[in-house]
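The structure displayed is predicted, hence computed values, not measured ones.
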Amino acid sequence: MKKITMTWLALMLAIIVNAEKREIHILAVNDMHAQIEVFPQLAALADSLRTIDPSLLIFSAGDNRTGNPINDKYILPAYPMVALMNQVGFNGSTLGNHEFDVHSLKRLIGLSNFRYICANAFPSDSSGIKLVPTQVFDVEGLKVGVIGCIQLSPAGIPSTHPDNLEGISFKPAEEIIPQYESLSKECDVTILLSHLGYPDDIKMAEKFPWLDLIIGGHTHTQLKGDEVKNGVLITQNRNKLHRVTYITLTVEDGKVVDKKAEYIDVRKFPKTVKVVEEMIRFYNDNPTLRRVLAVADTPFETREELGCLMCDAFMAETGSEIAIENPGGVRIDTLPQGDITVRNVLEMDPFDNHAVILELTGDEIAHMMLTYCHNTLHSFPYVGGMQCVITLEKDFPEKIQSIRLLTLEGKKLNMKKKYKVVTNNYIPATSEIPEGSAHTLNLETSDIIMQYLEKKGQVSYQGVRRLTTIHAK
């Protein structure tokens, strides 16, 4: 009788334990873009949260690098970010498209104390890039399964120069994710660590309701509160570590029964981790980047103003008649009045792109720009030496119906005449141009901009606009 009673008590205790509600806490970031100056606050926040839950998980949804020359121009490009992520104690990161900028990813992965989780990227053995499609984390007996995915452009590759992707193939996330549905049965929590962008995150939530959480990135979408689609919690922040997400998942009997997301302004958090401050002070000790090139008489208030500056520099330094710069190649939003330094230019144009000269007719210029941007306004290039009037479709205001190319004086460009056109090597690689029309110069576009600024001494682009949009009636 005593043996039966003890067995019954053990069974009841097991039922009570299994039914107990338990919380899993996650700190999530996305699109940090090498904002190392914010890491003292991020480290302090992480340490503070660990006093509440020592099992705190920290994840990045990609684009850890690119945007800060202190990081991007280091001896091993992007190593400072890896060292700082190691110090903070990241548990995992998916790949963003900018992880492929400059060929240092293989070495960075080997130096990271966390895994890179990406299920829809397939490196060849010869690439040496080591990824895992999924990873399961044990949080005091609870299993947390993570699947990683990266965005693909209409060309079927991440948005980076195709040359950066040698030895790696990709498949659409929606084709790959179903292969890992079994993870939701094996784990208490299933997470998609996504660098797909907010619109695609919504699609993934609608297609795969067995996901509990999507930690998103890529589109720099600042969400607020609990964004739940089809039962799936979606999180994402604007870029450059302005905010981070603190996520609480409540698990009961192997299922997530409650989900909460709190968005924290990490930059307001006090700096209390001295070792991280010292690391940043060491990395920032680079007088070359503080060299003044020119003075901005007025502030640059839009990306188009910055893009016009870049285009004018390209033309002046190469003797070209027309210049084109992709909007994604302008990596800062504004620039204050005052000194323009080497660091400012490398923040503006961080990709080590080279200048390319093309001989194109007006028709060929228009075709190159439209195929580059896939007929969407969002990606339409900035220009120099001409103006563009863009007509948008009535029912689809982001879709381009047609464009007119004009001279700076407002006259129609001769569409049959050949022009000397300068751009960066990314645009010809991702658009349609006549075969044999491109000639790459041994000049980095950032060096061209610096040469131009030093010659000019003073610049002002306030109010400069060369793109005009109208809506079809």
Student: Might you work through the side chain to side chain contact (heavy atoms under 4.5 Å, CB included) test for I26 and I191, ending with a clear yes or no?
Tutor: CA-CA 11 Å; I26 299 166; I191 300 171; 3.6 Å; yes
Student: If you round to the nearest 0.5 Å, how far is CE of M369 from CG of N326?
Tutor: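 The distance works out to 12.5 Å.
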Student: Using only atom types and a distance under 3.5 Å, with no angle test, would you say the side chain of N120 pairs donor to acceptor with the backbone of I150?
Tutor: yes
Student: If we ignore hydrogens and angles and just use 3.5 Å, is the side chain of Q151 paired with the main-chain N or O of S159 as donor and acceptor?
Tutor: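 Yes, because the side chain of Q151 sits within donor-acceptor range (under 3.5 Å) of the backbone of S159.
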Student: Report the C-alpha distance between H161 and F100 in whole Å, list the side-chain angles of each, state the deciding distance to 0.1 Å, and finish with yes or no for ring-ring contact (aromatic ring centres under 6.0 Å, His included).
Tutor: CA-CA 9 Å; H161 196 290; F100 297 101; over 10 Å; no
Student: Side-chain contact test, heavy atoms from C-beta onward, threshold under 4.5 Å: evaluate it for M386 versus I365 and give yes or no.
Tutor: yes
Student: Mind checking the NE2-OG1 spacing from H195 to T219? Nearest 0.5 Å is all I need.
Tutor: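 Answer for the NE2-OG1 pair, H195 versus T219, is 8.5 Å.
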Student: Can you tell me how far OG1 of T423 sits from CD1 of I433, rounded to the nearest 0.5 angstrom?
Tutor: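 Here the interatomic distance stands at 9.5 Å.
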Student: Work out which heavy atom in I176 is nearest to a heavy atom in A119; give both atom names and the distance.
Tutor: CG2-O, 3.5 Å
Student: Does K420, at its NZ atom, have more than 12 non-hydrogen atoms belonging to other residues, nucleotides or ligands within less than 6.0 Å?
Tutor: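 Yes.
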Student: Strictly by modelled atom types, are T272 and D47 linked by a side-chain donor-acceptor pair under 3.5 Å?
Tutor: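 No, because no side-chain N or O of T272 sits under 3.5 Å from a partner of the opposite role on D47.
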Student: How close do L306 and L335 get, counting heavy atoms only, and between which atoms?
Tutor: CD2-CB, 4.1 Å
Student: I'd like to know whether R243 forms a salt bridge (Lys or Arg N to Asp or Glu O under 4.0 Å) with D265, so could you lay out the CA-CA distance, the side-chain angles of the two residues, the decisive distance to 0.1 Å, and finally the verdict.
Tutor: CA-CA 5 Å; R243 289 191 177 183; D265 187 346; 5.3 Å; no
Student: Any chance CZ of R466 has more than 12 other-residue heavy atoms, nucleotides or ligands included, within less than 6.0 Å?
Tutor: yes
Student: Report yes if some heavy atom in the side chain of I280 is under 4.5 Å from a heavy atom in the side chain of L84; otherwise report no.
Tutor: yes
Student: Can you tell me if D63 uses its side chain to pair, donor with acceptor, with the backbone of N97 under 3.5 Å?
Tutor: yes
Student: Measure the SG-CD1 distance between C373 and I400 for me, rounded to the nearest 0.5 Å.
Tutor: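 C373 SG to I400 CD1: 4.0 Å, rounded to 0.5 Å.
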Student: Can you see whether H33 engages N239 through a side-chain donor-acceptor pair at a distance of less than 3.5 angstrom?
Tutor: no
Student: Quick one, K416 and D363 - any side-chain contact, counting heavy atoms below 4.5 Å?
Tutor: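 Touching, per the 4.5 Å side-chain cut-off.
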Student: Could you give me the CA-CA distance, side-chain angles and deciding distance for F114 and F59, then say whether side chain to side chain contact (heavy atoms under 4.5 Å, CB included) is met?
Tutor: CA-CA 10 Å; F114 51 90; F59 294 124; over 6 Å; no
Student: Pairing donors with acceptors under 3.5 angstrom, does anything connect the side chains of T298 and S460?
Tutor: yes
Student: For the residue pair Y116 and I129, establish whether any side-chain heavy-atom pair is separated by less than 4.5 Å.
Tutor: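 Answer no - side chains too far apart.
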Student: Which pair of heavy atoms, one from V88 and one from A46, lies closest together, and at what distance?
Tutor: CG1-CB, 4.1 Å
Student: Flag yes if more than 12 heavy atoms outside R343 fall under 6.0 Å of its CZ atom; otherwise flag no.
Tutor: yes
Student: Which heavy atom in L56 sits nearest to a heavy atom in L27, and how many Å separate them?
Tutor: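 Smallest interatomic distance, heavy atoms only, reads CD1-N, 3.9 Å.
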Student: To the nearest 0.5 Å, what is the distance between CG on L405 and SG on C388?
Tutor: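 Reported to 0.5 Å precision, the distance equals 5.0 Å.
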Student: Would you tell me whether E325 and N424 have side-chain atoms, one donor and one acceptor, within less than 3.5 Å of each other?
Tutor: yes
Student: Shortest non-hydrogen contact from V464 to C308?
Tutor: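 Residues V464 and C308, closest heavy atoms: CG1-SG, 3.8 Å.
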Student: Would a distance-only check, ignoring hydrogens and angles, find a side-chain to backbone donor-acceptor pair under 3.5 Å from Q41 to K271?
Tutor: no
Student: Would you say the side-chain atoms of S112 pair up with the backbone N or O of L108, donor to acceptor, closer than 3.5 Å?
Tutor: yes
Student: Is the ring centre of F380 less than 6.0 Å from the ring centre of Y382?
Tutor: no
Student: Does the side chain of M204 reach to within under 4.5 Å of the side chain of S194, using non-hydrogen atoms?
Tutor: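 Heavy-atom side-chain distance check fails, nothing below 4.5 Å.
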Student: Please answer whether the main-chain N or O of I247 pairs with a side-chain N or O of T245 as donor and acceptor at a distance below 3.5 Å.
Tutor: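 Side chain of T245 to backbone of I247: no pair is present.
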Student: Starting at CG of D312, measure out to CE of M310 and round the result to the nearest 0.5 Å.
Tutor: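 Rounded to the nearest 0.5 Å, the CG-CE separation comes to 11.5 Å.
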Student: Under a 4.0 Å N-O cut-off, is there an ion pair linking D226 with K260?
Tutor: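 Salt bridge absent between D226 and K260.
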Student: For residues 285-296, which side-chain N or O atoms pair as donor and acceptor with protein atoms under 3.5 Å away, sequence neighbours left out?
Tutor:
unit_1, atom_1, unit_2, atom_2, d
N286, OD1, T288, N, 3.3
R291, NH1, E454, OE2, 2.7

Student: Would you say that P158 contacts L152 through its side chain, given a criterion of any heavy-atom pair below 4.5 Å between the two side chains?
Tutor: yes
Student: Does the ring centre of F39 sit less than 6.0 Å away from the ring centre of Y283?
Tutor: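 Distance test on ring centres: not under 6.0 Å, no.
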Student: Taking all non-hydrogen atoms of both residues, which atom of L346 and which atom of P69 are closest, and how far apart?
Tutor: CB-CB, 3.6 Å
Student: Step by step, work out the side chain to side chain contact (heavy atoms under 4.5 Å, CB included) result for N164 and E99.
Tutor: CA-CA 10 Å; N164 296 339; E99 259 64 69; over 6 Å; no
Student: We want to know whether D101 and T66 form a side-chain donor-acceptor pair, criterion being a heavy-atom distance below 3.5 angstrom.
Tutor: yes
Student: Would you check, one step at a time, whether the test side chain to side chain contact (heavy atoms under 4.5 Å, CB included) holds for L360 with M368?
Tutor: CA-CA 9 Å; L360 300 175; M368 178 178 73; 4.0 Å; yes
Student: Any donor-acceptor pair under 3.5 Å linking the side chain of E347 with the backbone of I332?
Tutor: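 Judged by distance alone, no pair lies under 3.5 Å.
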Student: Do side-chain atoms of E227 reach the backbone of T235 as a donor and acceptor pair under 3.5 angstrom?
Tutor: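 Flag not set: sc E227 to bb T235 has no pair under 3.5 Å.
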Student: Give a yes or no answer on whether the side chain of D349 reaches the backbone of E444 with a donor-acceptor pair at less than 3.5 Å.
Tutor: no
Student: Side-chain contact, heavy-atom cut-off 4.5 Å: I340 with V459?
Tutor: yes
Student: Any donor-acceptor pair under 3.5 Å linking the side chain of E305 with the backbone of G463?
Tutor: yes
Student: Can you confirm whether E166 is buried at CD, in the sense that more than 12 heavy atoms of other residues, nucleotides or ligands lie under 6.0 Å from that atom?
Tutor: no
Student: Counting only heavy atoms not in K171, do more than 12 fall under 6.0 Å of its NZ?
Tutor: no
Student: Are P77 and D72 side-chain neighbours, meaning at least one heavy-atom pair lies under 4.5 Å?
Tutor: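 A side-chain contact under 4.5 Å is absent here.
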Student: Scan side-chain atoms only and decide if H367 and E432 contain a donor-acceptor pair under the 3.5 Å cut-off.
Tutor: yes
